[in-house]
K.L.:
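Sending over a structure as structure tokens; questions will come in a sec.
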Amino acid sequence: MFPRRTTPPRGRSAYSNGLHPPPTAPQSYDYNHQSLPGVNSFPRLERLPSYEWNPPPSTSTVQPRHMPAMINGRKRQNDQFSAHHVKRQRVDTPSHHLSSPPLIHSRPPHHRTDRAVAEPSRLSLTGFDHSYPGPNLDVRPQVPAVLESSSSLHASITDKPYPQLSCQMVELFEACQQQPSDLQRKEVCRSRLQQDIQQIFPSARLYLTGSSMNGLGSRCSDADICLVIKGNKKPDALRVLGRLLKLFKTLSYVERNQLIRAKVPILRFREKGSDLEFDLNVNNTVGIRNTFLLRSYAYADLRVRPMILVIKKWARYNNINDASKGTLSSYTLVLMVLHYLQTLSEPVLPSLQRDYPESFNPLMDLDMVPEGPKHIPPYISRNKSSLGELLLGFLKYYATEFSWDKQVISVREARAFPKNNSKEWNNKFICVEEPFERNNVARAVHEKLKFDAIKAKFAESCRLLHERKELNSILPFRAIIIKESSRG
């Protein structure tokens with residue numbers, strides 16, 4: 001396992017134009033996920049109303065020059081990428097290697113050796129394609145080359161340390177990651193809601209954000225949606241949500257409406273007759289920005305998504321993943337994982353905001369946010385750790401190495417910086433910096449009892465996993481798989 005480094009190297013190249021089509025989208029959604037066998041192969045879905053994230057489309061047919069991939073700061077000379085081109089809203093993903101043998105292999109494209117591996121003008125890294133086709137165009141997602149079976153996927157990691165643990169992590173990820181049907185249900189409801197909301201707020205637009213969009217969702221993930229109302233005067237969120245609450249009570253397809261007066265007020269509701277829950281906020285546009293940032297990290301390395309999904313399941317099982325009850329939010333957990341992966345002596349991930357500040361400018365116009373990361377070249381990590389090694393390292397880092405009382409986790413800077421006496425960090429048990437607003441996303445942990453419980457779970461799980469080296473020692477992964485597989 002790689003030792004940790006104290007300060008991250010600067011100037012390393014980051015993430016790539018994504019290269020694979022979605023496992024999770026209706027036709028008007030067209031994501032590009034790098035995913036596992038069986039997920040990319042989904043039937044053609046009926047066309048749904050498209051997202052209205054559409055500044056004037058470019059009519060240029062000129063392709064920008066290609067950008068070479070980078071391997072920890074060096075240009076990549078081989079040709080292990082394939083470009084897949086889809087239209088409409090989409091999020092593309094890179095065909096990076098697992099540092100252990102890759103989860104997914106892609107066919108190399110036909111190109112000259114001096115050309116880069118992606119076509120930035122045609123592929124959107126983590127955003128919506130602004131060039132929408134006309135209603136008569138046939139939009140079919142292209143399916144990347146993948147390993148032929150789950151058994152070959154598992155076989156590809158058996159020569160690495162902790163093969164059983166790594167295989168179990170992959171198996172859990174395969175069973176639990178968000179499916180096309182899951183996202184389709186969310187999009188259908190979002191589309192209907194937008195039409196109904198526009199009856200009282202004609203200029204409003206509704207966007208799916210969070211794990212539904214950033215590639216880190218599971219089959220049981222709730223849906224976060226942001227209502228954007230533009231105007232000269234900032235709308236009062238509680239007043240808007242109050243009006244929506246009255247509206248939603250008249251709608252036949254939603255139920256259990258609840259107005260939650262938090263720091264960021266939300267309207268929580270469910271799709272009628274299902275367990276799909278939505279949290280709707282008003283103009284919390286930082287959620288849109290960080291959705292695209294996390295999306296970029298999620299697909300920068302094939303180990304990231306399985307790693308995060310397993311850790312979220314572990315935290316939920318151990319009752320430390322509920323901000324409303326004084327523990328860690330899922331967003332906080334994700335940032336903690338990314339921080340760990342950034343600060344290894346051989347990083348799995350770079351700092352995208354540090355290396356490409358113009359692509360994640362917090363002042364960028366909202367309509368241009370998806371365009372920001374499109375032309376960032378690939379980041380290929382030299383880190384060869386298996387998933388099992390990384391999970392053990394993550395638990396050990398927060399159980400024995402990280403100084404909770406002295407350090408602030410910063411994904412923005414790819415380091416932990418010392419606490420100061422500012423109100424944001426002083427006298428806080430856990431400090432995790434929000435990458436754009438730079439406030440503390442772990443502020444929900446405000447009781448010492450809960451903080452001690454979180455630390456105890458890290459220590460106990462680190463010990464158990466080190467001793468037994470299999471996932472069942474820290475969560476009942478087989479039972480979770482059965483439960484998730486039973487979802488329609």
Side-chain angles (χ1 to χ4, degrees), residues 2-16 70-73 125-126 214 216 286-301 303-304 307-308 311 328-364 369 372-373 376-383 390 393-394 397-398 401-426 428-443 445:
F2 285 95
R4 309 198 64 76
R5 59 186 171 86
T6 54
T7 56
R10 301 180 62 87
R12 289 186 174 181
S13 196
Y15 181 44
S16 75
M70 307 293 284
I71 305 179
N72 281 11
L125 173 70
T126 55
N214 63 24
L216 301 174
V286 69
I288 295 174
R289 298 182 191 278
N290 65 45
T291 292
F292 285 97
L293 176 65
L294 295 192
R295 179 96 194 170
S296 304
Y297 282 119
Y299 291 101
D301 186 282
R303 292 166 291 183
V304 175
M307 177 89 170
I308 288 176
I311 288 167
L328 302 167
S329 68
S330 293
Y331 183 37
T332 300
L333 278 167
V334 170
L335 294 177
M336 289 172 65
V337 177
L338 297 180
H339 164 74
Y340 164 72
L341 296 176
Q342 287 176 325
T343 54
L344 291 163
S345 60
E346 282 291 354
V348 173
L349 295 172
S351 166
L352 294 177
Q353 288 170 286
R354 183 195 63 205
D355 295 344
Y356 295 91
E358 69 284 353
S359 295
F360 300 97
N361 186 338
L363 302 179
M364 185 184 299
V369 168
I376 297 175
Y379 178 86
I380 310 300
S381 173
R382 291 195 186 100
N383 184 303
L390 292 175
F394 169 81
Y397 176 60
Y398 288 109
E401 299 175 19
F402 183 75
S403 298
W404 300 97
D405 58 336
K406 297 178 180 179
Q407 293 180 307
V408 178
I409 290 169
S410 176
V411 169
R412 176 178 59 89
E413 296 187 9
R415 69 185 182 102
F417 61 79
K419 284 186 181 180
N420 55 36
N421 292 323
S422 70
K423 181 180 178 181
E424 198 63 60
W425 312 121
N426 195 27
K428 301 298 191 298
F429 292 112
I430 300 178
C431 295
V432 180
E433 181 192 55
E434 206 290 321
F436 291 99
E437 295 188 332
R438 305 189 186 184
N439 55 13
N440 185 15
V441 299
R443 58 184 174 271
V445 186

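For the single chain, residues carry numbers from 1 onward in sequence order.
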K.L.:
Determine, step by step, whether Tyr379 and Leu352 satisfy the side chain to side chain contact (heavy atoms under 4.5 Å, CB included) criterion, reporting the C-alpha distance in whole Å, the side-chain angles of both residues, the deciding distance to 0.1 Å, and the verdict.
P.N.:
CA-CA 10 Å; Tyr379 178 86; Leu352 294 177; over 6 Å; no
K.L.:
Would you say the side-chain atoms of Gln353 pair up with the backbone N or O of Pro435, donor to acceptor, closer than 3.5 Å?
P.N.:
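Yes; at least one donor-acceptor contact below 3.5 Å.
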K.L.:
Run the side chain to side chain contact (heavy atoms under 4.5 Å, CB included) test on Phe436 and Arg438 for me, step by step, so that the C-alpha distance in whole Å, both residues' side-chain angles and the decisive distance to 0.1 Å come before the verdict.
P.N.:
CA-CA 6 Å; Phe436 291 99; Arg438 305 189 186 184; over 6 Å; no
K.L.:
Step by step, work out the side chain to side chain contact (heavy atoms under 4.5 Å, CB included) result for Val411 and Val334.
P.N.:
CA-CA 10 Å; Val411 169; Val334 170; over 6 Å; no
K.L.:
With a 4.5 Å limit on heavy-atom distance, are the side chains of Tyr331 and Val432 in contact?
P.N.:
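A side-chain contact under 4.5 Å is absent here.
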K.L.:
Return the minimal non-hydrogen interatomic distance between Asp405 and Lys419, and the atom names on each side.
P.N.:
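Closest pair (atom of Asp405, atom of Lys419, distance): O-CD, 3.5 Å.
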K.L.:
Please confirm whether the backbone N or O of Pro347 pairs with a side-chain atom of Ser381, one donor and one acceptor, at under 3.5 Å?
P.N.:
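Side chain of Ser381 to backbone of Pro347, a donor-acceptor pair under 3.5 Å: yes, one is there.
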K.L.:
State the CG-CD distance between Asn290 and Glu437, to the nearest 0.5 angstrom.
P.N.:
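Atom-to-atom, Asn290:CG and Glu437:CD are 8.5 Å apart.
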K.L.:
Please enumerate all residues that pass side chain to side chain donor-acceptor pair (under 3.5 Å) together with Glu424, with sequence neighbours excluded.
P.N.:
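Listed in chain order: nothing, the list is empty.
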K.L.:
Of all the heavy-atom pairs spanning Met307 and Phe394, show the shortest one and how long it is.
P.N.:
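Residues Met307 and Phe394, closest heavy atoms: CE-CB, 3.7 Å.
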K.L.:
In terms of the angle between their ring planes, are Tyr397 and His339 parallel, tilted or perpendicular, with boundaries placed at 30° and 60°?
P.N.:
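It falls in the tilted class, 30° to 60°.
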K.L.:
Closest approach of Met336 and Trp404, non-hydrogen atoms and distance?
P.N.:
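Result for this residue pair: CE-CH2, 3.7 Å.
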K.L.:
Do we see a donor-acceptor contact under 3.5 Å between the side chains of Gln342 and Tyr297?
P.N.:
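Checked: Gln342/Tyr297 side chains pair up, N/O donor to acceptor below 3.5 Å.
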K.L.:
Taking all non-hydrogen atoms of both residues into account, name the closest pair between Ser359 and Gly372 and its distance.
P.N.:
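What the structure gives for the nearest pair is OG-O, 2.9 Å.
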K.L.:
Mind checking the CD1-CG spacing from Ile308 to Leu341? Nearest 0.5 Å is all I need.
P.N.:
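So the gap between those two atoms works out to 7.0 Å.
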K.L.:
So, for Ile376 and Phe360, which heavy atoms are closest and what is the spacing to 0.1 Å?
P.N.:
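Nearest pair, atom of Ile376 first, then Phe360: CD1-CE1, 3.7 Å.
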K.L.:
What's the shortest heavy-atom distance between Cys431 and Asn440, and which atoms?
P.N.:
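Heavy atoms only, the tightest pair is CA-OD1, 3.4 Å.
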K.L.:
Could you tell me whether a side-chain N or O of Lys428 sits under 3.5 Å from a main-chain N or O of Ala442, the two making a donor and an acceptor?
P.N.:
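Answer holds: no.
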K.L.:
So, taking the atom named CG in Asn439 and the one named OG in Ser422, what distance separates them when rounded to the nearest 0.5 Å?
P.N.:
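Here the interatomic distance stands at 11.0 Å.
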K.L.:
Looking only at atom types and distance, does a side-chain atom of Ser403 sit under 3.5 Å from a main-chain N or O of Lys406, one as donor and one as acceptor?
P.N.:
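Between the backbone of Lys406 and the side chain of Ser403 there is no qualifying donor-acceptor contact (under 3.5 Å).
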K.L.:
Any chance you could measure Ser351, atom OG, to Leu338, atom CG, to the nearest 0.5 Å?
P.N.:
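Reported value, rounded in 0.5 Å steps: 10.5 Å.
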K.L.:
What residues form a salt bridge (Lys or Arg N to Asp or Glu O under 4.0 Å) with Arg289, not counting sequence neighbours?
P.N.:
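For Arg289, no residue satisfies salt bridge (Lys or Arg N to Asp or Glu O under 4.0 Å) once neighbours in sequence are set aside.
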K.L.:
Are Phe402 and Ile409 packed together at the side-chain level, in the sense that at least one heavy-atom pair is separated by less than 4.5 angstrom?
P.N.:
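Heavy-atom side-chain distance check passes, below 4.5 Å.
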K.L.:
Check for a donor-acceptor pair, side chain of Thr291 on one end and backbone N or O of Asn214 on the other, with a separation under 3.5 Å.
P.N.:
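No.
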K.L.:
Return yes if some donor-acceptor pair links the side-chain N/O of Trp425 with the main-chain N/O of Glu433 below 3.5 Å, else return no.
P.N.:
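Side chain of Trp425 to backbone of Glu433, a donor-acceptor pair under 3.5 Å: no, none is there.
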K.L.:
Given the rule in the side chain to side chain contact (heavy atoms under 4.5 Å, CB included) test, do Val304 and Val337 qualify, once you have shown the distances and angles that lead to the verdict?
P.N.:
CA-CA 9 Å; Val304 175; Val337 177; 5.9 Å; no
